[in-house]
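Beneath this line is the structure, given in structure tokens, with notes to follow.
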Amino acid sequence: MAEEGKSLNFIEHIIENDLKEGFSKDELRFRFPPEPNGYLHIGHASSICLNFGLGEKYNAPVNLRFDDTNPAKEEQQFVDAIKRDVEWLGYQWDQERYASDYFEQLYKWAIELIKLGKAYVDSQSSEEIAAQKGTPTSPGQESPYRNRSVEENLELFEQMKNGDFKEGEHVLRAKIDMKASNMLMRDPIMYRILHKPHHRTNNDWCIYPMYDWTHGESDYIEQVSHSFCTLEFAMHRELYDWFLNQVYTPSKVKPKQREFARRNLSHTVVSKRKLLRLVEQGVVNGWDDPRMPTISGLRRRGYTPESIKNFANTIGIAKRDNLIDVSLLEFHAREDLNKKAPRIMGVLNPLKLIITNYPENQEELVEAENNPEEEVLTYREVPFSREIYIEQEDFREEANRKFFRLKLGGEVRLKNAYIIKAEKAVKDEHGNIVEVHCSYDPLSKSGSGTLESQRKVKGTLHWVSIKHAIEVEVREYDRLFTVAEPDRQGDKDFLEFLNPESLKITKGYIEPSVATAKVGDHFQFQRLGYFNIDPDSTKDKLVFNKTVGLRDTWAKLEQ
RNA sequence: UGGCCUAUGGUGUAAUUGGUAACACAGCUGAUUUUGGUUCAGUCGUUCAAGGUUCGAGUCCUUGUAGGCCAACCA
């Protein structure tokens, strides 16, 4: 079902045009084709949202197809992670396919190409082949094996398949044009010998097809109508079409490849190869480290599927180079979490506050809104007592009028509780404030309806009762890199721009209502930001990840 | 010294296909607020350059300029 009134991106224009020119809507079919050699990242999320979004818009099937033609790099664990991530985003694929499902068909087609004189076995080394390839500005040379007889080619190719040769001894090449301006058309390699077990076909094959030979034919087998990929494949289109034309039957759908620009995110890297380095060198704690721009990392960090999808839809799809600021991603996290995350009180940098006129052994429960954004408000109870923690930043001995928080002689409201007045700051021998003594107005209790409770005081602080607070571990994250484009800093390696302070682990104190929360649950720590519970949590210790802070206009004023 | 692609506010993306350049984020003002959050109102700012076609050009043409991609038995 097409959304109305929404402007179309260039991909949608292409589809609309095809439809207008008579392409049947029933034959629309898309695919998301990851290689299982790493985890999906935010850039893939854009591609997933594009393809599956198109599927939803046109009510067309979308296949999940693993491009698994290189057993040297691909693993089952990545297949599993990819499926988990796509599902988590909320998309359902029509069929789960693997390029390796088509190895037999591809092999048969290759034999046909040989018989037609359109493919040949080259027995040179990869260095020799590369040397003959020419350069972008000069034509290539033909291989001395280019005109082998069909019979010889057939025989050699079969021996390749049977495992009679070592890796690198022979390859199968398409016979196209060594002088083509598009270097991909200079007799591209279709098959190489690889004596490696494949995660699905084990040792059935020792020849493996190359990407170009595989991808378009796989699209064709699945009758994918529109095959979208990133811009670096633009030059491959000519070859994609050439291979397709060798096997195409007019009654069938001929897939159409179109290219869009990959999305770049500031202050990170969006490339599986580079992310792999971060993982392998131990810069981060795995692919799902909350600092990683992987889907798994973002999930663990506390991003919701909706926030990621909204982000992807907002940034759209186009063909020009781009650098999207992470703050836009963070905006979408806040926007979604603001609606969904229950509010709680937690203190990260505790300062002890004693309410001197509150009876020593007294405690009470105060009522707190779970989320002011709820249509029907719900409440919980939070324990209050004489000794509480507030944030260190929320108290100053002296401050100007712009400081809405607690200062000596000044008043603030304790959220959901009483209005207090700071009387005295107790210091240690170094002059650090270790305790604040306050008095409270017993008639000012929140929601009590008294005149005193309705007094307007400028500041409201969050707090926890020391006696009742739960101690938790809090992991706060900052951008992984100190510069916007770490992988575009001249000849310097992107690892030179790591932010040494990307992870800060501290102790926090939170209200007891959270004790029963589960891994993955989201919360807003009031006045601080959004947090969720990390899988590292145990029965005895909750671990929180900070997803993103609240918008903080005070911090801006302070600068 | 070739081929292909791209160029719209600070960022990202649109513009009913030649008809008033807009949406989101960021920024700035103000209002509301028991979160310096949210919400609301307002505001700043845009078509790479030069020619050409046209009543009219972000859109078409020409020439420049800038950036990206292409020489893995990777995808």
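Below, chains carry the letters A, B, ... as their sequence lines are ordered, and counting in each starts from 1. Remember, it's a predicted structure, so these values are computed and weren't measured experimentally.
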For this session: Would you mind telling me which of A71(B), U35(B), A75(B) lies closest to the side-chain atoms of Lys415(A)?
Result: U35(B)
For this session: Using a 4.0 Å heavy-atom cut-off, write out nucleotides 37-44 of chain B from 5' to 3' as B (base contacted by protein), S (sugar-phosphate only) or - (no contact).
Result: BS------
Exercise. Side chain to side chain donor-acceptor pair (under 3.5 Å) with Thr137(A): which residues, sequence neighbours excluded?
Worked result: Thr135(A)
Problem set entry | Nucleotide nearest Ser446(A) when distance is taken to its side chain, options A75(B), U34(B), C70(B) | U34(B)
Exercise. Checking only heavy atoms, does the side chain of Arg320(A) share a donor-acceptor pair with the base of U13(B) at less than 3.5 Å?
Worked result: no
Exercise. What about the rings of His236(A) and Tyr240(A), do their centers lie closer together than 6.0 Å?
Worked result: no
Exercise. Looking at the side chain of Ile189(A), which of C73(B), G68(B), A75(B) is the nearest nucleotide?
Worked result: C73(B)
Seminar exercise, completed: Which of C25(B), C69(B), C74(B) is nearest the side chain of Glu232(A)? It is C69(B)
For this session: Tell me which of Gly459(A) and Phe10(A) sits closer to the 5' end of RNA chain B, going by the nucleotide each one is nearest to.
Result: Phe10(A)
Exercise. Under 6.0 Å between ring centres, would you say that holds for Trp554(A) and Phe404(A)?
Worked result: no
For this session: Kindly state whether the ring of Tyr191(A) and the ring of Phe157(A) have centres lying under 6.0 angstrom apart.
Result: yes
Exercise. In dot-bracket notation, what is the pairing pattern of RNA chain B, taking Watson-Crick (N1-N3 plus N6-O4 or O6-N4) and G-U wobble (N1-O2 and O6-N3) contacts under 3.5 Å, with [ ] crossing and | for other strands?
Worked result: .((((((..((((.....[..)))).(((((.......)))))....(((((..]....))))))))))).....
Exercise. Which of the following nucleotides, G68(B), C70(B), A75(B), is nearest to the side chain of Pro136(A)?
Worked result: C70(B)
Exercise. So what does His236(A) hit on the nucleic acid, given a heavy-atom distance under 4.0 Å: a base, only sugar-phosphate, or nothing?
Worked result: base
For this session: Answer yes or no: does a side-chain N or O of Lys556(A) lie under 4.0 Å from OP1 or OP2 of G27(B)?
Result: yes
